[in-house]
Each structure stands twice: as structure tokens, then as C-alpha cells.
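Just the heavy atoms: all of them, side chains too, but no hydrogens, waters or symmetry mates, feed the values below.
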Amino acid sequence: RRCFRSSVINDQSVIMAGRPIPGTLKKQMQKATVKHTDMSPEMKQEVVDIIAGGIDKFQTPTGVNNEQACRYIKDSLDKQYGFQWHCAMGKGFCFDVTAQNGTLMHCYYQSEIAILVYKC
């Protein structure tokens, strides 16, 4: 059983030192940065790809539709790795979950959105 706190310090992710983020750097940021996981390296990469695909698919001009993106990620993981996956996404939350060994991932997307996926 592990307890992690997830929070975003500020909402200034589109501005760096008072200037807009360069396009090349923004492109590099369009992947999940894993904070903690107990998954195998292969599974970790597949889950990161599913997370990035779900967030990109439900990106709107006003932000990400968290509910639809979470549903897409959960359904994709259920289909690929069996049922009972859970997904939480947001800009600040705390969690204390019990997960099956090898199925927990806590990551950030574009240093702005925190994502937690696990199977129980």
C-alpha cells in the first residue's frame, strides 16, 4: 500500500520565463513523465502510449475533457490487460490505493495533468 500526493504547482505551463514555450520543447513535453510505477518496462511504455493517445484524442481548445479521456484510457487498458482497471486524472489530487503488483502508474502529462492508473 502506497500513498502519494499529486499536485500541480501553478497553471503557467504555457509560459516559460515570461515567454511562450518553443514549439520543439512543447512537442517533447507531449508525453507522459512517469513519477512512479511498478510495471515492467514494456508494459510501462504501452500504458504511457495509451495515456498520451487518450489525452490527445480528447484535447479541446479549452483543455482536456478528463472524463472522456479517463474512460478511453480505462477501456483501452481493460481490453489489452483484462478488466478492473481504474484511471484518475486532474490537476491536483491525493490518493491512497491498493493495487495488484505490477499495475500501478502515477505520471504527469505536459507537467500539467496528473494521471493515476492501476488495476485492483
Side-chain angles (χ1 to χ4, degrees):
R1 196 168 182 184
R2 298 173 183 261
C3 183
F4 296 93
R5 291 195 180 274
S6 173
S7 61
V8 177
I9 294 171
N10 61 30
D11 204 11
Q12 299 294 321
S13 61
V14 294
I15 297 177
M16 182 174 69
R19 299 180 309 236
I21 295 175
T24 55
L25 180 58
K26 197 166 188 178
K27 185 67 175 170
Q28 289 176 344
M29 290 172 55
Q30 289 182 332
K31 64 177 185 162
T33 303
V34 178
K35 174 113 171 140
H36 172 79
T37 188
D38 61 356
M39 296 177 180
S40 67
E42 298 82 23
M43 185 179 188
K44 173 183 155 185
Q45 188 56 51
E46 290 174 7
V47 172
V48 165
D49 292 342
I50 289 170
I51 289 170
I55 293 173
D56 290 342
K57 184 172 184 173
F58 295 103
Q59 186 80 33
T60 65
T62 58
V64 177
N65 184 327
N66 290 347
E67 187 177 335
Q68 287 181 329
C70 277
R71 173 59 61 187
Y72 174 85
I73 293 166
K74 181 211 179 324
D75 290 344
S76 297
L77 292 172
D78 281 347
K79 203 177 294 180
Q80 190 159 349
Y81 297 106
F83 293 105
Q84 299 302 320
W85 280 90
H86 301 275
C87 180
M89 181 184 305
K91 291 197 176 190
F93 59 89
C94 180
F95 62 92
D96 182 13
V97 298
T98 302
Q100 286 183 10
N101 287 338
T103 65
L104 177 73
M105 179 182 286
H106 176 222
C107 60
Y108 292 94
Y109 187 81
Q110 293 183 342
S111 302
E112 181 177 307
I113 303 168
I115 302 106
L116 169 70
V117 293
Y118 64 98
K119 184 177 183 179
C120 64

note = Closest heavy-atom pair, Tyr109 versus Ile115, reported as atoms and distance to 0.1 Å, is CB-CD1, 3.7 Å
inquiry  = Please determine whether a side-chain nitrogen of the Lys or Arg among Asp78 and Lys74 lies less than 4.0 Å from a carboxylate oxygen of the Asp or Glu.
reply    = yes
request  = Taking all non-hydrogen atoms of both residues into account, name the closest pair between Ala32 and Cys107 and its distance.
outcome  = CB-SG, 3.9 Å
request  = Report the C-alpha separation of Asp75 and Arg71 in whole Å, then their side-chain angles, then the decisive distance to 0.1 Å, and conclude whether the salt bridge (charged side-chain N to carboxylate O under 4.0 Å, His left out) test is met.
outcome  = CA-CA 6 Å; Asp75 290 344; Arg71 173 59 61 187; 3.7 Å; yes
task = Using a 4.5 Å cut-off on heavy atoms from C-beta on, say whether the side chain of Ile50 contacts that of Gln80.
result = yes
message = Does any part of the side chain of Thr98, heavy atoms only, come nearer than 4.5 Å to the side chain of Cys120, both counted from C-beta?
response = no
request  = Might you point out which heavy atoms bring Gly102 and Met39 nearest each other, and give the distance in Å?
outcome  = O-CG, 3.5 Å
request  = Could you tell me whether the side chain of Val97 reaches within less than 4.5 Å of the side chain of His86, counting heavy atoms only?
outcome  = no
request  = In sequence, state the C-alpha distance, the side-chain angles, and the governing distance for Met43 and Thr37, and then conclude on side-chain contact (heavy atoms from CB on, under 4.5 Å).
outcome  = CA-CA 10 Å; Met43 185 179 188; Thr37 188; over 6 Å; no
ask   = So how far is it from Glu42 CD to Lys44 NZ, rounded to the nearest 0.5 Å?
value = 11.0 Å
request  = Measure the shortest side-chain to side-chain distance between Val117 and Thr103 over non-hydrogen atoms and say whether it is less than 4.5 angstrom.
outcome  = no
query = In Å, rounded to the nearest 0.5 Å, how long is the span from CD1 of Ile113 to NZ of Lys91?
reply = 6.5 Å
task = Specify the closest pair of heavy atoms between Gly90 and Asn66, including all atoms of both residues, with the distance to one decimal.
result = CA-ND2, 4.0 Å
Closest non-hydrogen atom pair, Met89 against Phe93 = C-CE2, 4.0 Å
query = Distance-only, no hydrogens or angles: does the Asp38 side chain make a donor-acceptor pair with backbone N or O of Asn101 under 3.5 Å?
reply = no
request  = For the residue pair Cys87 and Leu77, establish whether any side-chain heavy-atom pair is separated by less than 4.5 Å.
outcome  = no
ask   = Tyr72 and Asn65: side-chain donor and acceptor closer than 3.5 Å?
value = no
key: Side chain Lys119, main chain Tyr81, donor-acceptor under 3.5 Å   = yes
